[in-house]
Structures are given as C-alpha cells and as structure tokens.
2 protein chains.
Amino acid sequence: MDIKRKDVHNSDTPVLCQACESRHRGVCGALTSDQLLQLSKHSSRRAVEPGTELIGESTQIKNYSNIISGVVKLSKMMADGRQQIVGLQFAPDFLGRPFRKENGVTAEAATEVKVCSFPKTVIERMIGEMPELEHKLLEQTLDELDEARNWMLTLGRKTAGEKVASYLLLIATHAFPENETDTAEFELPMSRMDIADFLGLTMETVSRQFTKLRADGVIRITNNRHVVIPEITRLSDRAGF
Amino acid sequence: MDIKRKDVHNSDTPVLCQACESRHRGVCGALTSDQLLQLSKHSSRRAVEPGTELIGESTQIKNYSNIISGVVKLSKMMADGRQQIVGLQFAPDFLGRPFRKENGVTAEAATEVKVCSFPKTVIERMIGEMPELEHKLLEQTLDELDEARNWMLTLGRKTAGEKVASYLLLIATHAFPENETDTAEFELPMSRMDIADFLGLTMETVSRQFTKLRADGVIRITNNRHVVIPEITRLSDRAGF
DNA sequence: CAAAGTCCTTGATTCCGGTCAATCGGAGGG
DNA sequence: CCCTCCGATTGACCGGAATCAAGGACTTTG
C-alpha cells in the first residue's frame, strides 16, 4: 500500500483530526472537542493513490475511516469480472459497514484520497456510549440509501445519453454544492472505464456520448478529464427527470 | 382508500400492536412492553388492497408504519412515465423516511398489506428518547442499503435471464428465510409488469424469460403466480454471482 | 353463455448499446 | 527524436432486449 510519508502520523501521538471539525456529514461532526481529542489518540491519517483498495469485499474490517479529501468508489464484482460501481463517497463521508464483519463492497480510491482511520473497537464503543454519534451515522446512511435508490432509477430506466448526463450532473453538484451560476467547471474524478462501470455501460458507449455532448456544444472537455459546462440547465434537460 | 372494517381500530383505544411483539426487524422490536403499551395508544392498524398507495413520492409524511404482513413496493417514476421499483419491503420492516418531510419514493401495496401506523410526531419523539430505537432503525437502514447496492449490480450488469433468476431467488429467500431443502414453492407477490419495473425490463421480456425457465424445467408455474422450483441450486446457477 | 376486461404469452421487426478492432494522442523513457 | 504505453476515440458489425401487434387464458358481468 502506497503511503506518502508526510501525511502519516504515528497513531499513538494525539492528533486533532482536522476533517472532523469542518463539515457536517462526517461521523465526528457529532462530537464535542473533548470527545474528538479522545478519538484522536487512536486515529491515524494517511494518503493513498488512485486505485488503492481501501476495503476488500469480503475481507475483515479492522477499522473505520472518515474521508478527508478525494473520491472513493464502492463497487461489486461478479465471478466473471463484470463490475458495477454502487456508490461514490466524498469528503466528509464515513467509510465502513458498522455491525458487520464483512462489508460486501470493495472501496477503492478513485482520486488521491486522504482518510482518517480509527480502530473498529474504538468507534463501536463510542457508538454505544454516544447517541449523537449513532444519530449522525443514521442520517448519513439514510442519505446514502436515497442516493442508491436514485441511482437505481438511472441504471434501470435511463438511456445511455441520460445516464451520462446524470453522471455529469452528479459530479458537478458535488464539486459545487451550492452553485449559483449556470456554469460549471471541474475535473472528472474517474476514468471512462470507471464511469462505464458506474453507469452500467461500456467504455465505448460512454465515450460516444461524451463526443455527442461535445458536438452539440453542451460540454467542453480538455485533457480527457477537465470539463466545462456553460449552461448546466441544458445538460439537466438531457438527464431525464 | 379501501379499508376492511374488521381490521380497523379506533386510534384512541389502547391496542397492543401485535406486529411489534413477534419479529426482529421492526421498529418496536427494540421496545419494552411498557413502551409498547405507550405507543399502542397512538397506533392504528389497517389493511389495504393491492395497488393502494401508502406514501406518495412528494407528499408530506404524517405517519410511520410497521408492515405486519404483505409486500410493499417502493418505486420512483420519471416525468414521461418510466418507472423503477427501487425496493421491496416485507414484514416486519419499518415504512417511512425519518428526519425528512418528503421521502422521495412512492410506497404501494403489492399484495394485500396490513400495517400498523403511528403519528410522525410520536415516533420522532421516541427516537430522541430511546437510543435502542434509533439503533434498530440504523440496522434496518444499513440492511436496506446493502440490498439496494446488491440490486444495483443486478440492474447495471446482469442479462435479462440473470435478472429474472435473481428475482425468483430473492422472493424464494423471503418466502422461506431458512429453507433447508432444495425445493421452493411460493406465490409471486407481483404482476409481470411490476417484476419488469423492478428488473428494469419490459413485461414481454420477463414473460419470455419465464417461458424459457419453464421450458428448461427449472421452474413450474400455475395460475400465473404460483411457482415451484424443484432444484433451487439450478436456478441460482442462472442468477450469475 | 356470450361479452368484456385483465393479465399474460407469443410473434415479427427494429434499434440501442455491446463487441471487436483499428487508430489517435499525450506522457514518459531510452 | 523515435518508440512504447495507456487511455480515449472512432468505425463496422452484431445481438439482445424493446417495440409493435396479435392472440390466448381466465375472471367478471349481465
């Protein structure tokens, strides 16, 4: 596993987990600063490169993590290699399946990812002691369930064109949580293959749909990853809602 | 709304909610008998016919329910009428989206359904007071999320044949939670159209796949709804895992 | 029992997206 | 600079599921 030295802290030194102070959706948003300090004694931060497997589908879970930055893809694979990405997680989401030994999905870094991890035992004890923490977890889980169900509509009933438009809107929304203007500009966090695995399509079909959006003047792409959407309402018309 | 008289109780009379005593996954499994009695004062039971809408996609939620018996389908619809069933709920699941005014999906009775409902205000107060209740909710929500993600793999990556086999296995599993033998026999809780909407297919394709399974001797069907699967392992080979 | 209705099945044809294969283009290395 | 590598694009063709259209089985109604 590839760990950048500068981002690694010895897990015995008390480190204030910075991710947990800032935003609303991470596990630690529910904690007081005292509790945070407690947790920090057991936490360790690290940064990993794109492609690094953070959690295996049927490996034992030894620790839970908060995502500090980057995008994590959750995926499932069939015996013959067919793959489906079943969710994306952004900072400051919580990573891990509580109350189970295995978590049923593979978590893999899509971009460079920084995480802040705690041992399973510590976090599960804290859940038992602090109802606010469990409440936070319930809220995130309910949000993830809503997202999963939204995506099921996309997978089951949308055309390739609508799927790609929906994907771009999803990423644009996460890149600019409260965008006022009608223009969006961002880096795609995933390869064409990953996008295909997320949309239940092939790489080639995704590529053709990008080409069509480009030809129609709805989007502009440079370096394969950098996207500009001048009028995002024009794109959402194509997503089919 | 069609309510069978004999199943309706006046919500002012204290009624012990029987659904809540028996099984493990409903909300009330976490409650003591005293708490149950409390809740019963505000609960009302009713039975509805197949097709009855229990919760609208964007209607205000006034109450939450436990499913006592029957199957409830959760679905989403696009502006042009395309529909996707995003989940099935069986007794003793909890029905409703806590902490939100709207719940984003339509809940509709697939079979005859009996539910036990409580006002939103009562249950949300109880959640705040009783951590066990919130824990129960978190566990159900996590299970539903696992199921949703499993189904995303089915929707995105399986063929029509594999989808239908997966559906039959899902229903067989819920009909016989711990089936020892290799034979399964049950009633399909949904029409061909519903199954299609669940699998992201058309009615015709579902029908053809049933015909093929019948021709291959994997299943037997009578009255369109009654299914016998002599060797369920032979079916799961076709589901693709 | 006929008529109508609902749900399901079957057939003929079309078309969207998959498959297979060639090519492009930027990044990096000798 | 050429060469290779890798991801993305493009093209030709194919196939699985959708679409359109009948027809069948069963139930309900008068």
Side-chain angles (χ1 to χ4, degrees), chain A residues 49-51 73 78 80-85 108 110-111 154-168 187-216 218-227 238 240, chain B residues 49-51 73 78 80-84 108 110-111 154-168 187-216 219-227 238 240:
Chain A
E49 304 203 331
K73 51 187 207 214
M78 295 172 64
D80 60 6
R82 280 177 284 176
Q83 196 174 21
Q84 176 66 48
I85 292 178
E108 193 177 322
T111 62
T154 300
L155 287 174
R157 289 301 184 200
K158 291 190 184 174
T159 64
E162 291 170 336
K163 284 179 176 182
V164 170
S166 299
Y167 170 78
L168 287 171
E187 298 290 319
L188 290 179
M190 298 150 71
S191 69
R192 298 290 185 274
M193 190 65 225
D194 279 348
I195 297 171
D197 281 342
F198 191 34
L199 295 171
L201 298 170
T202 59
M203 230 187 51
E204 293 92 330
T205 299
V206 171
S207 181
R208 280 186 245 271
Q209 294 301 328
F210 271 118
T211 301
K212 181 186 270 193
L213 287 173
R214 204 158 1 98
D216 293 353
V218 180
I219 62 172
R220 270 175 288 141
I221 303 181
T222 47
N223 296 330
N224 286 339
R225 294 286 190 116
H226 189 85
V227 179
R238 293 173 177 247
Chain B
E49 304 202 331
K73 50 188 210 218
M78 294 173 64
D80 61 6
R82 280 176 284 174
Q83 197 175 20
Q84 176 66 46
E108 193 177 321
T111 62
T154 300
L155 287 174
R157 289 301 185 201
K158 291 189 185 175
T159 64
E162 291 170 335
K163 284 179 175 181
V164 169
S166 299
Y167 170 78
L168 287 171
E187 299 289 320
L188 290 178
M190 297 150 72
S191 69
R192 297 292 184 275
M193 190 64 225
D194 279 348
I195 297 170
D197 281 342
F198 190 35
L199 295 172
L201 298 171
T202 60
M203 230 186 51
E204 293 92 330
T205 299
V206 171
S207 180
R208 280 185 245 271
Q209 293 301 329
F210 272 119
T211 301
K212 182 187 266 192
L213 286 173
R214 206 160 356 100
D216 294 353
I219 61 172
R220 271 175 287 142
I221 302 182
T222 47
N223 296 329
N224 287 339
R225 293 286 190 116
H226 189 85
V227 179
R238 292 173 178 247

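Lettering follows sequence order; numbering is per chain, from 1.
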>> I'd like to check Gln84(A) versus Leu155(B) (side-chain heavy atoms, cut-off strictly below 4.5 Å). Are they in contact?
In response: no
> Over how many whole Å does the gap from Leu213(B) atom CG to dT10(C) atom P extend?
Replying inline: 13 Å
>> Using the side chain to side chain donor-acceptor pair (under 3.5 Å) criterion, which residues pair with Glu187(A)? Sequence neighbours excluded.
In response: His226(A)
> What residues form a salt bridge (charged side-chain N to carboxylate O under 4.0 Å, His left out) with Arg192(B), not counting sequence neighbours?
Replying inline: none
> Whole-Å distance between dT6(C) C1' and Met203(B) CE?
Replying inline: 11 Å
> By side-chain contact (heavy atoms from CB on, under 4.5 Å), which residues pair with Met193(B), not counting sequence neighbours?
Replying inline: Ser191(B), Asp197(B), Met203(B)
> Using a heavy-atom cut-off of 4.0 Å to chain A, what are the terminal contacting nucleotides of DNA chain D, in 5' to 3' order?
Replying inline: dA8(D) to dA12(D)
Give me the distances for all protein-to-nucleotides 17-21 of chain C N/O pairs that come in under 3.5 Å?
{"unit_1": "dG17(C)", "atom_1": "OP1", "unit_2": "Ala160(A)", "atom_2": "N", "d": "2.7"}
{"unit_1": "dG18(C)", "atom_1": "OP2", "unit_2": "Thr202(A)", "atom_2": "N", "d": "3.4"}
{"unit_1": "dG18(C)", "atom_1": "OP2", "unit_2": "Thr202(A)", "atom_2": "OG1", "d": "3.1"}
{"unit_1": "dG18(C)", "atom_1": "OP2", "unit_2": "Thr205(A)", "atom_2": "OG1", "d": "2.5"}
{"unit_1": "dT19(C)", "atom_1": "O4", "unit_2": "Arg208(A)", "atom_2": "NH2", "d": "2.9"}
{"unit_1": "dC20(C)", "atom_1": "N4", "unit_2": "Glu204(A)", "atom_2": "OE2", "d": "3.2"}

> Going by the side-chain hydrogen bond (donor to acceptor under 3.5 Å, both in side chains) test, which pairs reach into residues 205-215 of chain B, not counting sequence neighbours?
Replying inline: Thr202(B)-Thr205(B)
> Between atom CZ in Phe210(B) and atom P in dT10(C), what is the gap in whole Å?
Replying inline: 13 Å
>> Restricting to non-hydrogen atoms, name the atom on Leu201(A) and the atom on Arg157(B) that form the minimum distance, rounded to 0.1 Å.
In response: O-NH2, 2.9 Å
> Which part of the nucleic acid, if any, lies within reach of Ser191(B) when heavy atoms closer than 4.0 Å are counted: base, sugar-phosphate only, or nothing?
Replying inline: sugar-phosphate
>> Listing request: all salt bridge (charged side-chain N to carboxylate O under 4.0 Å, His left out) pairs with a residue in residues 159-168 of chain A, at least two apart in sequence or in separate chains.
In response: Glu162(A)-Arg82(B)
>> Just the rounded figure in Å: distance from P of dC8(C) to NE2 of His226(B).
In response: 16 Å
> Quick one: Lys212(B) NZ to dT9(C) C1', roughly how many Å, whole number?
Replying inline: 16 Å
>> Holding to side-chain contact (heavy atoms from CB on, under 4.5 Å), I want the full list of residues that pass it with Asn223(B), two or more places apart in sequence or in another chain.
In response: none
